[in-house]
Structures are given as structure tokens and as C-alpha cells.
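Numbers for residues simply follow the sequence, beginning at 1.
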Amino acid sequence: MISLNRSKYSPIGLQLGPSSATLVQLTGSPQNRTMHAIAQEQFDIHDNCSIEERDAKVATELRRILSDHHFKGRRVISCLGSQELFIQNVRLPQLPSEEIAKVVAWEAEERLPYPVADAEIRHLPAGQVFQESNTKQEVILLACHTGILQRQLNLLEQAGLTSVAIDVEPSATIRCFQNVSKDLQINSANCYLNFGDAATTVIFADQQNMLFLKYIMHGSNHLDRAVAENLDLPMTEAIRLRKIVTNSPTLDASDELHRSVIDSIRSTLETISTEVENCLRYYKVTFRGKKLEQLIVTGNESSPWLIDFLSEQLNTNCNMGNPFESLKRWPTSTSILERPGRWTTAMGLAMKESTI
């Protein structure tokens with residue numbers, strides 16, 4: 001018998017932002033994963049482009065990136081972002097699992113900003129909570145307008161990609177740090193704080209379930225705008241200057257650039273911290289008995305000085321999340337290892353399905 005050892009590649013994990021794309025592809029078994037291909041690029045898209053023109057340009061750019069960075073195959077797992085997804089924590093009585101979907105659909109009818117008939121609805125069990133003297137069942141309602149899903153599928157098709165699944169960014173985040181979660185005690189949980197372009201995602205999860213999910217509608221784009229407005233700069237220059245500060249391991253109070261950028265974004269960072277603090281309070285009240293082990297910071301803005309800032313603001317044990325820790329071998333490129341948190345979502349998407 002002749003045995004042929006084929007290379008095994010994951011689907012391409014694709015995170016699409018308003019004007020960016022992050023792609024990751026892994027190779028090897030789930031226990032022995034290594035990086036095959038990785039890319040992150042910004043697109044120059046004019047604000048006056050129509051939706052059709054924008055999607056056509058993004059599809060063209062994706063085709064180029066796939067070729068330039070030698071991605072294998074065209075199977076892809078993409079995700080829905082904060083502006084595309086409706087989420088709501090819903091508290092239900094104790095129900096058989098087969099009844100929950102029906103009740104969630106009724107709840108969605110009351111809460112969705114569009115007709116239920118136009119929505120794709122899912123739910124995640126979040127465990128038991130105690131309300132007064134009663135035990136309730138917490139469920140996370142997730143919904144997306146079917147028009148948004150169809151648009152994403154059409155864009156992927158234009159790019160020559162075959163959609164394996166469309167995931168949600170919070171699930172991808174947790175998936176990246178499952179090895180960390182394995183060390184959790186039974187009655188404990190982690191908080192994940194993922195900074196994205198349009199929003200910051202707050203997630204609480206234990207070993208089995210996502211317990212709580214909320215989008216804080218402040219992200220990288222808001223920080224860039226704050227620098228541009230406060231320093232009276234073009235957006236491209238504001239982005240460039242803020243990136244220099246974000247990439248710095250520490251803040252230098254004597255450096256004029258550091259001072260100017262931090263003063264510009266301080267108010268937004270404090271707003272995010274206040275919202276996270278409210279989430280922490282909600283968690284402690286709702287999931288009594290589940291100790292919070294740590295807050296893991298990841299995403300575009302994850303940096304050593306931001307960890308220090310959040311630790312002080314929240315009085316909580318904060319750590320920087322590095323998705324590469326789940327790999328057998330890390331990438332060796334210095335540019336890739338800068339701010340590793342920015343690869344989290346795309347890596348979590350690539351990890352969703354075992355390799356072929």
C-alpha cells in the first residue's frame with residue numbers, strides 16, 4: 001500500500017473591516033497547528049463609493065492578497081462584525097433545550113429593529129443565574145438581517161472564495177484562547193476585551209459557555225478621529241502618528257508625540273473603561289459564585305501600556321492576549337509579532353473547522 005502524506009490546510013480565516021482585511025490560514029492538526037499564510041492590509045476606498053463599487057474593489061483586493069501571500073485553496077470562514085450583528089442577553093425560565101429556540105424567536109420578535117422574517121437568528125446558552133429566589137436560564141440572542149448575510153456571501157463569491165461558514169467575532173476570540181480557558185477552575189471565568197475597528201467587545205466565558213456579550217461602540221476608528229480632530233490633522237496622518245504610539249512598549253511623558261496622542265484619546269479610553277467597569281459589575285451580580293480570574297486584552301489596540309492603563313482604571317488583573325500561543329510554532333516575522341492581538345479574530349476563524 002502506498003501512503004501519500006498531503007499537506008493539510010485550514011479554511012482561510014477572514015476578518016473584513018470597513019476598509020481593511022485580515023487573513024490567516026493554518027496547517028497541521030488541531031494539536032499541532034502552525035501558520036501557513038497571514039496578511040493584513042488597508043484599502044483606500046472613497047467615502048462616496050456606492051455599496052456595489054466598494055464590494056467590487058474589496059473583492060479585487062482580496063484576490064490580489066490571496067495570490068501575493070500564497071494562500072492555499074479558496075475555502076473561507078468569515079465573520080459578522082459589531083455593526084452587522086444584533087445581540088441581547090435574555091433571561092428565561094428553566095426550559096427543555098428543544099423549547100428554548102421557540103422562546104428566543106418570540107423574544108427576538110419583541111426586540112429586533114427589523115422583522116423576524118428578515119432575520120437569521122441563533123442563540124447561545126449562558127448558564128444559570130439567580131434572580132431573587134428563582135433560578136433562571138441566561139441565553140445570548142444573536143441575529144443578523146438576511147440582506148447583510150447575502151451581501152457578504154456575494155462579496156466572497158466575487159473574490160473567488162467559497163464560504164464554509166459565517167461565524168461571529170466573539171466566538172472566534174474565545175476559540176483562540178481555549179488553551180488558557182482549560183486552566184480555569186469549575187467556578188471561575190475569564191473576561192475578554194477585544195478592540196476592533198468600530199467597537200470594543202466585552203466577553204465573559206467559562207470552560208463551557210459564553211456567559212455575557214456586549215459591544216461598546218468605541219474602537220480604533222474613534223481613537224483615530226479623536227487624534228485628527230484634537231490635533232487638526234488629516235486622517236491619514238492621525239492614523240500614522242497614533243500607530244507609532246500604539247506600537248510603543250511604554251509611554252514617555254517627555255515625548256511630545258506621546259503626550260499629544262494620549263491627551264487626544266484619553267477621553268475615549270476612559271469612556272471604554274467605564275463601560276467595561278459596568279460590565280464587570282453586571283457579571284459579579286449576575287453570575288455570583290463564578291470568580292473572575294483575569295481580563296485578557298486583545299485586538300487592534302492591545303499593547304503593554306494599554307494593559308497598564310486598564311489594570312489601573314479597572315483595578316483588575318489584565319493581561320495581553322497572544323493568539324500565537326495556541327500554535328506549535330510562532331511566526332518569526334517581527335512585523336507580524338508586533339501587536340499580536342490584531343490577528344486574534346482571523347486566527348479564531350481559521351481554527352473553527354479542523355483541517356481537510
Side-chain angles (χ1 to χ4, degrees), residues 9-18 20-26 30 33 35-40 62 71 75-87 120 122-124 126 140 142-144 148-149 152-153 156 161 163-182 189-216 219-220 295-302 320-327 331 336 339-355:
Y9 300 100
S10 73
I12 299 162
L14 170 63
Q15 180 189 18
L16 279 175
S20 66
T22 305
L23 301 88
V24 166
Q25 187 172 41
L26 305 173
R33 288 190 180 104
M35 188 69 66
H36 168 70
I38 186 168
Q40 185 175 67
L62 286 176
F71 286 88
R75 299 167 70 245
V76 67
I77 297 176
S78 57
C79 69
L80 297 168
S82 58
Q83 295 175 309
E84 301 162 317
L85 194 64
F86 175 89
I87 62 169
E120 193 72 28
R122 298 289 186 272
H123 70 273
L124 300 172
I140 302 174
L142 307 167
C144 179
I148 291 173
L149 287 169
Q152 186 166 137
L153 290 170
L156 296 174
L161 292 163
S163 180
V164 175
I166 297 181
D167 200 0
V168 293
E169 172 260 334
S171 294
T173 299
I174 292 174
R175 195 176 296 120
C176 263
F177 300 108
Q178 282 178 329
N179 289 338
V180 177
S181 298
K182 285 179 182 177
N190 284 332
C191 176
Y192 302 89
L193 190 62
N194 191 6
F195 283 82
D197 289 334
T200 300
T201 311
V202 184
I203 312 160
F204 291 90
D206 61 14
Q207 290 173 312
Q208 287 83 31
N209 299 318
M210 189 185 303
L211 305 174
F212 175 80
L213 170 61
K214 182 178 179 178
Y215 287 121
I216 300 170
S220 301
L295 192 153
I296 298 173
V297 183
T298 188
N300 297 340
E301 302 303 318
S302 182
M320 188 166 0
N322 183 346
F324 299 135
E325 290 181 353
S326 64
L327 298 180
I336 291 173
R339 295 185 295 120
R342 62 197 166 108
W343 305 104
T344 295
T345 299
M347 253 194 71
L349 295 171
M351 292 166 67
K352 180 174 173 62
E353 184 183 78
S354 60
T355 55

**Prompt:** How long is the span from the CG atom in L62 to the CG atom in L156, to the nearest 0.5 Å?
**Reply:** 7.5 Å
**Fill in**
Nearest heavy-atom approach of Q25 to Y9 is NE2-CB, 3.8 Å
**Asked** Any side-chain donor-acceptor pair under 3.5 Å between E301 and S220?
**Response** yes
**Message:** Quick check: do V76 and L349 have side-chain heavy atoms less than 4.5 Å from each other?
**Reply:** no
**Request:** Under the side-chain contact (heavy atoms from CB on, under 4.5 Å) rule, collect the residues that match up with L124, sequence neighbours excluded.
**Result:** I140, L142, M210
**Closest approach of I38 to F71 (non-hydrogen atoms, all atoms of both residues)** = N-CZ, 3.9 Å
**Request:** Please tell me if the side chains of V202 and C191 come closer than 4.5 Å, counting only heavy atoms from C-beta onward.
**Result:** yes
**Atom of R175, atom of G348 and distance for their closest heavy-atom approach** = NH1-O, 2.8 Å
**Message:** Looking at G81, is its backbone amide N or carbonyl O close enough to the side chain of E84 to form a donor-acceptor pair, meaning the two atoms are under 3.5 Å apart?
**Reply:** yes
**Asked** Any side-chain heavy atom of R342 sitting closer than 4.5 Å to one from N300?
**Response** yes
**Message:** As an exercise, state the distance from CD1 of I87 to CG of L85, rounded to the nearest 0.5 Å.
**Reply:** 6.5 Å
**Prompt:** Are V168 and L213 side-chain neighbours, meaning at least one heavy-atom pair lies under 4.5 Å?
**Reply:** no
**Request:** If the plane angle is over 60° it's perpendicular, under 30° parallel, otherwise tilted; pick one for Y192 and F177.
**Result:** parallel
**Prompt:** Are any of the side-chain heavy atoms of I296 and T173 separated by less than 4.5 Å?
**Reply:** no
**Message:** Would you compute the distance between atom CG of N190 and atom CD1 of I174 and round it to the nearest 0.5 angstrom?
**Reply:** 9.5 Å
**Request:** Identify which one of C144, S78, S163 satisfies the side-chain contact (heavy atoms from CB on, under 4.5 Å) criterion when paired with Q152.
**Result:** S78
**Complete:** Hits for salt bridge (charged side-chain N to carboxylate O under 4.0 Å, His left out) against D197, two or more places apart or cross-chain, chain-then-number order -> none
**Item:** pair R33-S10: side-chain heavy atoms closer than 4.5 Å
**Value:** no
**Prompt:** How many angstroms lie between atom CD1 of I77 and atom NZ of K352, to the nearest 0.5 angstrom?
**Reply:** 6.5 Å
**Under 3.5 Å: donor-acceptor pair, side chain of Q40, backbone of T22** = no
**Message:** To the closest 0.5 Å, what do you measure between OG1 (T344) and CD (Q15)?
**Reply:** 9.0 Å
**Message:** So which atom in F324 and which in M35 form the shortest heavy-atom distance, rounded to 0.1 Å?
**Reply:** CE2-CE, 3.7 Å
**Prompt:** Is the backbone of G299 close enough, under 3.5 Å, to the side chain of S302 for a donor and an acceptor to pair up by distance?
**Reply:** no
**Message:** Testing the basics here: between S82 and A198, what is the closest heavy-atom pair and its distance to 0.1 Å?
**Reply:** OG-CB, 4.0 Å
**Fill in**
Hits for side-chain contact (heavy atoms from CB on, under 4.5 Å) against A143, two or more places apart or cross-chain, chain-then-number order -> F86, L112, Y114, I121
**Distance (rounded to the nearest 0.5 Å) between W343 CH2 and N322 CG** = 12.5 Å
**Asked** How close do G321 and T298 get, heavy atom to heavy atom, and via which atoms?
**Response** O-OG1, 4.0 Å
**Message:** For T345 and V24: C-alpha separation, side-chain torsions, deciding distance, then whether side chain to side chain contact (heavy atoms under 4.5 Å, CB included) applies.
**Reply:** CA-CA 9 Å; T345 299; V24 166; over 6 Å; no
